[in-house]
Amino acid sequence: MDFDLKDKVALITGASKGIGEAIALLYAARGAKVVINSRKQEELDKVITDIKSKGGDALGIAANTGDAAGLKAIITGTIEKYGSIDILVNNAAANPAFGPVVQTEDWAYDKIMNVNVKAPFELSKLVYPYMKQRGGGSVINMSSIAGDTPDPGLGMYSVSKAALNMLTRVMAKEWAPDNIRVNAISPGLIKTKFSQALWQDENVLKKFMKAVPMGRMGTVEEIAALALFLASDSSSYCTGGIFFADGGTTI
C-alpha cells in the first residue's frame with residue numbers, strides 16, 4: 001500500500017506542538033506540502049525551521065481557530081501559497097475548565113464548543129470546494145476517547161468530542177459522492193503538554209493506567225502514524241470511521 005503524500009497539500013491546525021507537530025513532521029517527511037497553524041507565529045516558526053532543515057516544504061499561519069476571521073485567514077494563506085488543499089487535520093482543541101458540568105461556566109462552554117466543534121465544522125466547509133475541485137480529499141478530525149466514554153472532570157470536553165464524532169459521520173456520508181473521506185482519530189492518554197494535568201501527578205497517572213490494558217501512555221508519533229494512514233491512498237475505502245488509539249482503554 002502507498003503511504004506517499006508527494007505533491008499533496010496538508011493543512012493541520014494546532015500544529016506547533018504535541019500531536020499536531022508530530023503529524024506535520026511526518027507528513028512533510030512523506031512529501032506533503034504542509035501548512036501548520038496555531039495562535040503564536042514564533043512557535044510555528046520553530047516547526048517550520050525543523051521541517052525545512054530536512055528538505056520539507058512548509059508554511060506557518062498564526063490564527064485563532066475560535067473565530068471566523070482566523071479560519072478564513074488560514075484558508076486564504078494556504079491557497080495563496082499552494083493553490084489548493086488535499087488533506088485537512090482538525091487538531092486544534094481547547095479544554096480550559098476541569099471539573100463537573102454543573103460547575104462549567106458559560107465562557108468555558110463557549111470556548112470548548114467553538115474550538116472543538118464549530119472550528120472543525122467551519123474550516124471543513126471552507127476546504128470542501130477546493131477538495132471537490134481536486135476530485136477528492138481527506139478530512140481528519142482529532143477526537144478523543146472522552147467522546148465515547150466520559151471521564152470525571154472532562155464533562156464538556158467529552159460532549160464536544162461526541163459532537164465532533166457525529167459531525168465526522170455526517171460529513172462522511174454527505175461528501176462521499178465527491179470522493180472526500182472524513183474520519184476521526186480518538187486517542188487515549190497521550191503524553192503531551194495538553195494532557196499534562198492527567199500524567200504529571202503520579203497518583204492520577206496510576207489511576208488512569210489501571211484502565212489501560214497496554215499499561216502505558218501513547219506517543220505523539222503513534223497518533224501521527226494513524227493520521228498518515230488516513231491521509232494517504234492506503235485508506236481509500238475508509239470514511240466515517242472513528243479510529244481508537246488508546247492502548248485498549250475502551251475495550
(request) Under the side-chain contact (heavy atoms from CB on, under 4.5 Å) rule, collect the residues that match up with V101, sequence neighbours excluded. (result) M156
(request) Find out whether N141 and M171 are in side-chain contact, i.e. whether some heavy atom of one side chain is under 4.5 Å from a heavy atom of the other. (result) yes
(message) Would you say CD of Q41 has more than 12 non-hydrogen atoms from neighbouring residues, nucleotides or ligands within 6.0 angstrom?
(response) yes
(message) Determine whether a donor-acceptor pair (N or O, by modelled atom type, separation under 3.5 Å) exists between the side chain of S186 and the backbone of I242.
(response) no
(message) Can you confirm whether L11 sits close enough to I75 that some side-chain heavy atom of one is under 4.5 Å from a side-chain heavy atom of the other?
(response) yes
(message) Please enumerate all residues that pass side chain to side chain donor-acceptor pair (under 3.5 Å) together with D148, with sequence neighbours excluded.
(response) none
(message) Measuring only between side-chain heavy atoms, which start at C-beta, is S232 closer than 4.5 Å to L5?
(response) yes
(request) May I ask you to decide whether K54 forms a salt bridge with D50, counting only side-chain N to carboxylate O separations under 4.0 Å? (result) yes
(message) For M113, is there any backbone N or O sitting under 3.5 Å from a side-chain donor or acceptor partner on S160?
(response) no
(request) State whether the side chain of D67 and the backbone N or O of G70 hold a donor-acceptor pair below 3.5 Å, judged by distance alone. (result) yes
(message) Within the structure provided, determine whether M142 and P120 are in side-chain contact (heavy-atom separation under 4.5 Å).
(response) no
(request) Anything under 30° is parallel, anything over 60° is perpendicular, the rest tilted; go ahead and classify W175 against Y128. (result) tilted
(request) Run through V35, N37, L71, I36 and flag the one making a side chain to side chain contact (heavy atoms under 4.5 Å, CB included) with T13. (result) N37
(message) I'd like to know if the side chain of Q103 reaches the main chain of P100, judged simply by a donor and an acceptor atom lying under 3.5 Å from each other, with no hydrogens or angles considered.
(response) no
(request) Quick one: list whatever passes ring pair (Phe, Tyr, Trp, His ring centres under 6.0 Å) with Y109, sequence neighbours left out. (result) none
(request) Answer whether the closest heavy-atom distance between the side chains of I185 and N183 falls below 4.5 Å. (result) no
(request) Please tell me if the side chains of I85 and I79 come closer than 4.5 Å, counting only heavy atoms from C-beta onward. (result) yes
